[in-house]
Structure formats: structure tokens, C-alpha cells
Amino acid sequence: MGILNITPDSFSDGGFFYSAENAISHAKKLIEDGADIIDVGAESTRPNFTPISADEEISRLEKILPAIKKFGVPISIDTYKPEVAEFAIKNGAAIINDISGSMFDVAKKFSVPIIAMHNEKISDGDIISDIKNFFRKNLRDDLQIIFDVGIGFNKTQEENLTILKNLRELKFIDGVEIPLLLGVSRKSVIGYATGFDVNNRDEATGAICVLAASQGVNIVRVHNVEMISKMLKMADILIY
């Protein structure tokens, strides 16, 4: 999953692809580099982000979605607002990527898959148990749900590291295998663990993605698709 942030303030690439021309060009490059899905976000959800209105979010999306749809690769819409998700689906998006982990009614209405993120403060002191409980309570037979472990959302850095070390355990809920997505690209947990600044975290991101693939993670959400898709191509040969 290639990240396309059409925002002025995302933590890694804010402003780089804010214009429609740059966004469309970058989406094309992500696909050429090996992206199977383009994840479009029109509002930054970095720590301490400034919320924008649904109308502003939609105005950013309407400039680029029709052009990206023509590339023929599934688009996921990265939003927590139902009205934005509905607009995006009607204009070419095929997946809802929901950091609130709650937009199931919209997904059901349009019969599209939803990525549901764990974005809750832990309740019992055991982050792995909490995430599994979140997955368990949201398992549904009437929807295709992909679960996101939520690295960096309502978690300490030590909790983030614990999750990354235990992805295999999160792959199964009561013996049932579930689809998993990991979004860790360039995130602060890498800086915490290694000291690398945000502009020098792609190799570490790739290392995590290879480990994640070996632990059963199905989708990795990344900025540097070109490098990491090459790493995963070899990893997949060895793993599968």
C-alpha cells in the first residue's frame, strides 16, 4: 500500500504532494514502483494534528480521485469521517481506511472492505491482549474487515515495540486467521529505537516490513514503495 498524503502538514511528506498535479504524478510513480493499493489521505492524523472540516477534505479529494482511478489500482480512502468516506467511494475509492476503527455502517452500505485500526488506550496493562480484544469484538461475517494494529496511536513507544515483536500472535483470534495491515513507515517508534531521524528511516521501515511479512501481515502501508516492494518480493519467495 503506497501512501499518498495530499496534505500540507503530514509528519513525513506534508506539502510535497499537496497540489493535484504533484499528487497525481506521485500516485502514478507509486504504482510503477510496485504499489498494489494507493492510500489517499486528505487530512493529516500525525500527533497533535489540526483537524479540518469534511468539506475541506472533500475539496482536496475531488481534484485527484478521478485521475487516480484511471490508473486501475484500488484506492483506499484514509479518513475517519463518514461523509468523506462516502464521497470517496462514490468517486473511485474501493476501501475505507478508518483510524477510528468504527465506520462499519458505511462499509456495509457500499459493500466495500474496511481497515479498522486499534486506536484505544489500553485497559488492562497488556497491549497485545487489548488489541486482540478489539479485533475479537469487531469480527463480523457480513463485512470484509482488515485489522490495523495501530502503531503510534494511543500507545507508548515500548508498547509499539511490543506489538512489532508479537505480530504473529495478533494474526490469530481464537484460532481464526484474520487479515492484518501494518502502518509503521518512518514513524517515531523507529527513531525511538534507533535514533534515526524521519528522513532516514526507510531502511528500518523495510526491515520491519520483511519481519511483518514473515509473521503473516498481509498489507504494509509505506512511503518508499520502490525500495520496500523489492525487499518484499525476495522475502515472499523465501517465506512462501
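All values below were derived from every heavy atom in this structure, side-chain atoms included, with hydrogens, water molecules and symmetry-related copies excluded.
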- Hey, quick one: are M231 and L30 part of the same hydrophobic cluster, counting side-chain heavy atoms closer than 4.5 Å, chains of contacts allowed? yes

- Message: Ignoring hydrogens and geometry beyond distance, is a side-chain donor-acceptor pair present between S100 and D98 at under 3.5 Å?
- Response: yes

- Quick one: do D33 and K29 make a salt bridge, cutoff under 4.0 Å? yes

- What pair of heavy atoms forms the shortest contact from Y240 to A213, and how long is it? OH-O, 3.2 Å

- Nearest heavy atoms of T205 and V184, plus distance in Å: OG1-O, 4.3 Å

- Query: From L143 CG over to S111 OG, what is the distance, rounded to the nearest 0.5 angstrom?
  - Reply: 8.5 Å

- Message: Testing D148, N218, L164, L211 one by one against L182 for a side-chain contact (heavy atoms from CB on, under 4.5 Å), which residue passes?
- Response: L164

- Task: Could you pull out the closest heavy-atom pair between S44 and T7, with the gap in Å?
- Result: N-CG2, 3.6 Å

- Quick one: NZ on K109 to CD on E86, what's the gap to the nearest 0.5 Å? 3.5 Å

- Message: Between F172 and I127, is there shared hydrophobic-cluster membership here, with clusters defined by ILVMFWY side-chain heavy atoms closer than 4.5 Å?
- Response: no

- Message: Same cluster or not: I31 versus I68, using hydrophobic residues (I, L, V, M, F, W, Y) connected whenever any side-chain heavy atoms lie under 4.5 Å apart?
- Response: yes

- Donor-acceptor contact below 3.5 Å, side chain S59 vs main chain E56: yes

- Message: With a 3.5 Å distance limit and no angle check, can you tell me whether T79 reaches the backbone of A85 through a side-chain donor-acceptor pair?
- Response: no

- Item | Side chains of K28 and F71 in contact at under 4.5 Å (non-hydrogen atoms) | yes

- Heavy atoms, side chains only, cut-off 4.5 Å: are M1 and V222 in contact? no

- Task: Output, in order, the C-alpha distance, side-chain angles, deciding distance and verdict of salt bridge (Lys or Arg N to Asp or Glu O under 4.0 Å) for E120 and K137.
- Result: CA-CA 13 Å; E120 302 174 346; K137 74 180 181 182; 3.4 Å; yes

- Taking NZ, NE, NH1 and NH2 as the nitrogens, is one of them in E43 or R60 under 4.0 Å from a carboxylate oxygen of the other? no

- Message: Side chains of D39 and L4, heavy atoms from C-beta outward: is any pair under 4.5 Å?
- Response: no

- Message: Evaluate H118 against K155 for side chain to side chain contact (heavy atoms under 4.5 Å, CB included), listing each step before the verdict.
- Response: CA-CA 10 Å; H118 177 271; K155 297 168 183 70; 3.0 Å; yes

- Item | Close side-chain approach of E158 and Y192, heavy atoms under 4.5 Å | yes

- Please answer whether the main-chain N or O of G191 pairs with a side-chain N or O of S188 as donor and acceptor at a distance below 3.5 Å. no

- Task: Using modelled atom types only, decide if a donor and an acceptor are shared between the side chain of K70 and the backbone of P66 within a distance under 3.5 Å.
- Result: no

- Does the N91 side chain pair with the main chain of F87, one donor and one acceptor, at a distance under 3.5 Å? yes

- Task: Give a yes or no on whether F104 atom CZ has more than 12 heavy-atom contacts from other residues, nucleotides or ligands under 6.0 Å away.
- Result: yes

- Item | Straight-line distance of L65 CG to I38 CD1, nearest 0.5 Å | 12.0 Å

- Could you tell me whether Q144 atom CD has more than 12 heavy atoms of other residues or ligands within 6.0 Å of it? no

- Item | Hphob cluster co-occupancy, I3 + I115, side-chain heavy atoms under 4.5 angstrom | no

- State plainly whether the residues D78 and R221 are in salt-bridge range, i.e. N to O under 4.0 Å. yes

- Item | Student check: side-chain heavy atoms of K171 and V176 closer than 4.5 Å | no

- Under 3.5 Å donor-acceptor, R201 side chain and K187 backbone: yes

- Go through L238 and M234 one step at a time and tell me if the side chain to side chain contact (heavy atoms under 4.5 Å, CB included) criterion holds. CA-CA 7 Å; L238 298 176; M234 188 66 214; 4.0 Å; yes

- Query: Below 4.5 Å, heavy atoms only, C-beta onward: do F147 and L170 meet side chain to side chain?
  - Reply: no

- No-hydrogen, no-angle side-chain donor-acceptor test under 3.5 Å, N160 and K165: no

- Query: Given the rule in the side chain to side chain contact (heavy atoms under 4.5 Å, CB included) test, do I95 and I37 qualify, once you have shown the distances and angles that lead to the verdict?
  - Reply: CA-CA 9 Å; I95 304 167; I37 304 167; 4.2 Å; yes

- Item | Sole residue of I145, I178, D130, D174 in side-chain contact (heavy atoms from CB on, under 4.5 Å) with F135 | I178

- Task: Report yes if some heavy atom in the side chain of V217 is under 4.5 Å from a heavy atom in the side chain of L181; otherwise report no.
- Result: no

- Counting only N and O atoms by type, is there a donor-acceptor contact under 3.5 Å from the side chain of Q215 to the main-chain atoms of A212? no

- Query: Roughly how far, to the nearest 0.5 Å, is the SG atom of C209 from the CD1 atom of I228?
  - Reply: 4.5 Å

- Message: E169 and side-chain contact (heavy atoms from CB on, under 4.5 Å): which single residue from I163, I128, I131 fits?
- Response: I128

- How long is the gap from CD on E159 to NZ on K121, to the nearest 0.5 Å? 11.5 Å

- Task: List the atom of V225, the atom of G2, and the distance in Å for their closest heavy-atom pair.
- Result: CG2-CA, 3.6 Å

- For residues A107 and I114, report the shortest heavy-atom separation together with the two atoms involved. CB-CB, 3.8 Å

- Message: Less than 4.0 angstrom from a charged side-chain N to a carboxylate O is my criterion; do K69 and E62 meet it?
- Response: no

- Message: Within this structure, what is the CG-CG distance for the pair D126 and N133, rounded to the nearest 0.5 Å?
- Response: 9.0 Å

- Query: Just wondering, more than 12 heavy atoms not from D236 lying within 6.0 Å of its CG?
  - Reply: yes

- Message: Between I219 and I146, is there a side-chain heavy-atom distance shorter than 4.5 Å?
- Response: yes

- Task: Would you name the heavy atoms of S53 and K81 that are closest together and state the gap between them?
- Result: C-CE, 4.2 Å

- Query: So if you build clusters from Ile, Leu, Val, Met, Phe, Trp, Tyr with side-chain heavy-atom gaps below 4.5 Å, do F134 and M103 land together?
  - Reply: yes

